[in-house]
Amino acid sequence: MHEQIYINSFAPGMELALPIKNKFGQVMLPAGTILEEKHRKFFNVWGIMEFTILKSADDSKKEETKDFSEYLSFYGSRLRWKPSNDFESDLLDMGIQYLQK
Amino acid sequence: MVLDIKEKILMGIKNLPTLPTVYAALSEAMNDQMATPQKIAEIISTDQVSVFKILKVANSPFFGFRGRIDTISQAIMYLGFSEIKNIVFSLSVIKTFSNSAVLSVFRPIDFWAHSIAVGISTRKVGIAIGERNLENYFLGGILHDIGKLILIEVLKDEYLEVIKYTEEKLCTINDAENKVLGMNHAQVGHMVAKKWELPSSISNTIYRHHTLVEVSDENKKLAAAVHLGDIMARVLKLGNAGDAQIPAPNSKIWESLHLPPKFFTNIGETILEDYKHTINLMLVD
């Protein structure tokens, strides 16, 4: 699974899912590169603001389970489906945000 | 003679009360291309209770003219013929059913509270997607479940079975109606809309607000907005839809509506404020 992230979320150990290319299409960093601290400077020098990293299946599953368990504990048996896009998550977040007030 | 469920429902629709005369006169005048705002204002003014309520609703923050509308003529000028006609219609329907049968677990006032919340949410969706003809968005939401009132009125005990079924099976009331009655409120509401000669955009929206199948292109956005408005009202626990479930949104609505990101969390507070205000205006005499 891929995730597009901004430079402010940079962390050593992330794995590039897509190569970083310059404006001529030349590969500057190939897919699969494990990012190190030195790459932060590289991104800053080249003005690269966002990049795509690989998320492990475990990470994705952990995140999804965490989100859904939050919805389930709030809505209980009223909810019998999992949000499958950002709109559906936002819809359920609306209830949590305003009913908790 | 013992009537079966379908016969009872058809009989109930046949015997439905007509809507108050002010609405009938208004509809006729609005179909006349020569009708002036003064003529329309005159018709509405024949019912002073309506005038008072229409002005209250027209001045609500929901329409954005808080306290600036003093007369029916001004209301027509600011909100337009169609919006005024729909306010009159909404108030007429609520008034017509004010003495509806009461089920201990599903009171008409809670039913209307849910319908008003759906009307408000649907209109917010309409605004967010840049819809220019917003007048049917509120009315579509208000009327989307009208079939339930007829079913309660006509069937009473059998409808208690429906509600019991939703609680036991944790399903939506639409599914419970299909199972217990072999018919659902969307079908019944569609028949009512036909009897009252409502515009096809409204009658089709009532018919298809759960399934969204076979909705014509011109009604697609309205039907999708009402479908979503219903779920929004349920998420925010506004009123009573007859069951406690939050149904999954139909996956097609996202591509037909093109809502902005974070629409729901940004609009939730306004919906709650408008709801509190509008409930008082429309349901309290």
Side-chain angles (χ1 to χ4, degrees), chain A residues 1-11 14 16-18 20 43 47-55 57 59-101, chain B residues 117 120-122 124-125 128-129 166-175 224-225 227-276:
Chain A
M1 197 177 169
H2 296 179
E3 185 184 8
Q4 193 164 20
I5 65 165
Y6 288 90
I7 188 67
N8 54 5
S9 304
F10 176 99
M14 288 173 164
L16 284 183
L18 299 174
I20 306 283
F43 285 126
I48 297 161
M49 301 306 292
E50 50 189 325
F51 50 95
T52 307
I53 59 159
L54 207 60
K55 280 175 83 181
D59 284 350
S60 313
K61 203 174 166 189
K62 232 183 273 169
E63 208 170 86
E64 189 186 294
T65 315
K66 180 186 157 284
D67 286 344
F68 189 62
S69 64
E70 190 186 343
Y71 292 134
L72 264 191
S73 69
F74 185 77
Y75 291 107
S77 60
R78 299 175 66 216
L79 186 68
R80 299 168 70 79
W81 50 277
K82 278 186 184 181
S84 61
N85 58 42
D86 290 346
F87 288 117
E88 291 177 355
S89 301
D90 187 45
L91 174 66
L92 296 177
D93 287 341
M94 172 177 72
I96 295 178
Q97 190 171 325
Y98 295 106
L99 295 181
Q100 269 177 350
K101 276 187 181 174
Chain B
I120 290 169
S121 304
T122 302
K124 299 288 183 205
V125 172
I129 62 173
T166 67
E167 288 165 354
E168 282 170 8
K169 306 284 180 190
L170 297 177
C171 65
T172 64
I173 200 152
N174 199 55
D175 292 340
H227 173 84
L228 187 54
D230 178 36
I231 300 171
M232 290 164 73
R234 287 163 176 266
V235 165
L236 290 170
K237 283 192 168 179
L238 303 177
N240 182 1
D243 67 79
Q245 295 298 304
I246 299 170
N250 185 307
S251 58
K252 287 178 201 159
I253 62 170
W254 308 119
E255 59 192 68
S256 59
L257 291 177
H258 298 294
L259 285 165
K262 299 282 172 199
F263 165 70
F264 300 104
T265 40
N266 286 334
I267 205 78
E269 192 160 8
T270 321
I271 291 177
L272 292 176
E273 279 171 15
D274 285 355
Y275 172 76
K276 275 185 220 158

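As the structure is a prediction and not an experimental result, all values here were calculated from the model. Letters A, B, ... mirror the listed sequences (proteins, then strands); counts begin at 1. As a basis for the values below, the full set of heavy atoms in this structure was taken, side chains included, without hydrogen atoms, waters or symmetry mates.
- Counting heavy atoms from C-beta outward, B/Ile271 and A/Tyr98 have side chains that stay 4.5 Å or more apart.
- Of the residues considered (B/Ile231, B/Leu272, B/Leu259), B/Leu259 shows the highest number of contacts with chain A, using heavy-atom pairs under 4.5 Å.
- Side-chain N or O atoms of A/Arg78 include none that pairs as donor or acceptor with a backbone N or O of B/Ile246 at under 3.5 Å.
- Not one N or O on the side chain of A/Asp90 forms a donor-acceptor pair closer than 3.5 Å with the backbone of B/Pro261.
- Nearest heavy-atom pair, B/Pro249 versus A/Leu91, reported as atom, atom and distance to 0.1 Å: CG-CD2, 3.9 Å.
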Exercise. Apply side-chain contact (heavy atoms from CB on, under 4.5 Å) to B/Phe264 and A/Asp93, showing your working.
Key: CA-CA 8 Å; B/Phe264 300 104; A/Asp93 287 341; over 6 Å; no
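- Enclosure of atom CG in A/Asn85 by more than 12 non-hydrogen atoms of other residues, nucleotides or ligands within 6.0 angstrom is indicated.
- The distance from the CH2 atom of A/Trp81 to the CD atom of B/Gln245 is 11.5 Å, given to the nearest 0.5 Å.
- The CD atom of A/Gln97 sits 10.0 Å away from the CG atom of B/Leu236 when rounded to the nearest 0.5 Å.
- One finds the CG atom of B/Leu238 at 8.0 Å from the CG atom of A/Leu99 (value rounded to the nearest 0.5 Å).
- Side chains of A/Met94 and B/Phe263 form no contact here, defined as non-hydrogen atoms less than 4.5 Å apart.
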Practice problem: Could you check B/Val235 against A/Tyr75 for side-chain contact (heavy atoms from CB on, under 4.5 Å), going step by step and ending with a plain yes or no? | Solution: CA-CA 9 Å; B/Val235 165; A/Tyr75 291 107; 3.4 Å; yes
